[in-house]
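Only one structure is covered here, and it is reproduced in the block below.
In this text, all values refer to a predicted model and were calculated from it rather than measured experimentally. Whatever order the structure lists them in is the order used to number ligands and atoms, beginning at 1.
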Amino acid sequence: MTAGTSDIEKAAGVLRAGGLVALPTETVYGLGANAEDPAAVARIFQVKGRPPSHPLIVHIGGAEQLDDWVEDVPATARLLAEHFWPGPLTLVLRRGSRVPLEATGGLDTVAVRVPDHPVALALLAAFAGGVTAPSANRFGQVSPTTANDVRDELGDAVDFVLDGGPCQVGVESTIVDVTGEAPSILRPGGVTREDLEAVLGFPLAVPSASHIRVPGQHPSHYAPRARVVLVEPEKVIAEAERAQELGHRVGVFVPAPFAGAPVKAHTVVAVPASMAAYARGLYGFLRELDQRGCDLIVASVPAQEGLGLAIANRLRRAAGPRSTV
Ligand code: TXA
Ligand code: MG
């Protein structure tokens with residue numbers, strides 16, 4: 001059930017007392033703490049099993065609060081904030097003195113975003129502060145997109161779970177570094193490169209999974225328990241059936257053009273033709289295949305345009321070094 005006013009008040013109290021609150025955002029559920037409480041921030045790393053050098057995102061209630069948290073906001077950042085906040089865009093800026101080094105993994109920059117979810121915004125307003133929140137999963141695992149996913153993943157390790165229903169975007173925010181001379185995408189996500197470029201008026205570099213610049217951007221992130229193998233779209237069904245015959249319990253992501261074809265596999269997922277629907281469902285599909293006991297997932301990456309770029313990035317990371325395309 002979606003959180004009501006008394007849940008929001010309770011959650012704000014938990015944050016004030018140094019506790020951890022799982023909160024819904026439009027992208028994925030976050031594991032939140034008071035950004036200005038180093039002990040609470042340290043608990044996030046402990047609960048997630050995340051190395052302390054991996055920086056967190058500070059969630060704030062509105063673009064007008066940006067100057068409270070960062071130094072020297074460049075015009076590009078204001079432009080992007082104005083267009084895309086609240087929304088699935090994270091800006092990396094120069095860290096303000098209010099942000100403890102514990103939240104940034106010791107960096108002099110800080111990642112900030114305004115989430116586009118009524119429950120998250122209500123919590124930020126009630127708490128009247130910044131909330132550091134990584135995705136509410138154990139380090140390296142698939143991000144949660146429902147409150148139940150969070151409970152399954154973290155159980156009692158989180159003090160309070162705010163239920164805001166299933167996440168509407170389904171993949172994490174796009175991270176844009178605006179501290180350098182030219183802005184660059186550090187992680188593709190819910191705001192597309194094309195939409196960013198339309199506002200900026202110039203092209204942005206396409207990120208590459210193999211080019212790791214930031215702590216926390218490891219190729220093995222977003223991984224289900226099952227091994228993920230990526231092949232060309234037209235080879236997915238044959239590869240899945242071959243592996244199934246070899247004795248694997250295969251989960252297969254059948255690409256939209258081949259939907260409806262009979263497939264001899266343990267579990268079949270029909271990939272939605274719409275990239276927005278695919279992004280919304282992606283992590284749920286991966287969790288479902290794990291829950292059904294699949295040990296191998298066969299999939300292909302979508303065309304790397306629009307939300308396809310973020311989906312391809314997450315699938316490649318789920319496949320890790322084992323990916324063939
Ligand atoms: O959609 C999202 O962004 C979700 C929701 C909860 O807001 N959060 C999320 O957080 O995905 P997390 O911690 O799973 O991923 C944050 C990423 C990390 O990979 C980290 O490398 C990057 O943001 N990051 C954070 N601070 C940074 C900084 N100062 N410089 C560069 N990258 C940074
Ligand atoms: Mg994460």
What about the rings of His54 and Phe139, do their centers lie closer together than 6.0 Å?
yes

Among all residues two or more places apart in sequence or in another chain, which pass the side-chain contact (heavy atoms from CB on, under 4.5 Å) test with Ala240?
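With sequence neighbours excluded, Ala240 shows a side-chain contact (heavy atoms from CB on, under 4.5 Å) to Val250, Val252, Val298, given in chain and number order.
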
Return the set of residues passing side-chain hydrogen bond (donor to acceptor under 3.5 Å, both in side chains) with Arg249 (not counting sequence neighbours), or none when no residue passes.
none

Kindly write out the residues that satisfy side-chain hydrogen bond (donor to acceptor under 3.5 Å, both in side chains) with His266, not counting sequence neighbours, or none if the list is empty.
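For His266, no residue satisfies side-chain hydrogen bond (donor to acceptor under 3.5 Å, both in side chains) once neighbours in sequence are set aside.
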
With a 4.0 Å cut-off, would you call Arg43 and Asp159 a salt bridge?
yes

Would you mind checking if Arg78 and Asp67 are paired as a salt bridge, meaning a charged N to carboxylate O distance below 4.0 Å?
yes

Just by distance, do the side chain of Glu288 and the backbone of Gly284 share a donor-acceptor pair under 3.5 Å?
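Not confirmed, Glu288 side chain does not pair with Gly284 backbone.
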
Expected output: side-chain Arg138 to main-chain Val47 donor-acceptor under 3.5 Å:
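Judged by distance alone, yes, a pair lies under 3.5 Å.
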
Run the numbers for me: atoms of ligand 1, each under 4.0 Å from some heavy atom of [X], listed by number.
X      : value
Thr109 : 28 (C), 29 (N), 30 (N)
Ile175 : 17 (C), 22 (C), 23 (O)
Thr27  : 1 (O), 2 (C), 4 (C), 5 (C)
His59  : 5 (C), 6 (C), 7 (O)
Leu186 : 31 (C), 32 (N)
Ser173 : 1 (O), 2 (C), 3 (O)
Ile57  : 3 (O), 8 (N), 9 (C), 10 (O), 16 (C)

Heavy-atom distances under 4.0 Å are what count here, so tell me which part of Arg95 touches ligand 1: side chain, backbone, both or neither.
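For Arg95, no heavy atom sits under 4.0 Å from ligand 1.
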
Step through the shown structure and confirm whether more than 12 heavy atoms of other residues, nucleotides or ligands are within 6.0 Å of CZ on Arg225.
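It does not: Arg225 CZ has 12 such atoms or fewer within range.
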
Can you say whether the rings of Tyr278 and Phe285 are parallel (under 30°), tilted (30 to 60°) or perpendicular (over 60°)?
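Ring orientation, 0 to 90° scale: tilted.
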
The one among Pro144, Ala103, Pro55, Cys167 that brings a heavy atom closest to atom 27 (C) of ligand 1:
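Result: the heavy atom closest to atom 27 (C) of ligand 1 is in Pro55.
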
Between Arg50, Glu26, His54, flag the one that comes closest to atom 13 (O) of ligand 1 by a heavy atom.
Arg50

For the Mg ion (ligand 2), count the protein N, O or S atoms found under 2.8 Å away.
1

If you measure only the distance, is there a donor-acceptor pair under 3.5 Å linking the side chains of Asn148 and Thr146?
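The criterion, which ignores hydrogens and geometry beyond distance, is not satisfied for Thr146 and Asn148.
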
For Arg113 and Thr27, test the side chains for any donor-to-acceptor distance below 3.5 angstrom and give the result as yes or no.
yes

Polar-atom distance check: Ser135 versus ligand 1, any N or O pair below 3.5 Å?
yes

Nitrogen or oxygen of Tyr29 less than 3.5 angstrom from that of ligand 1:
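There is no such contact.
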
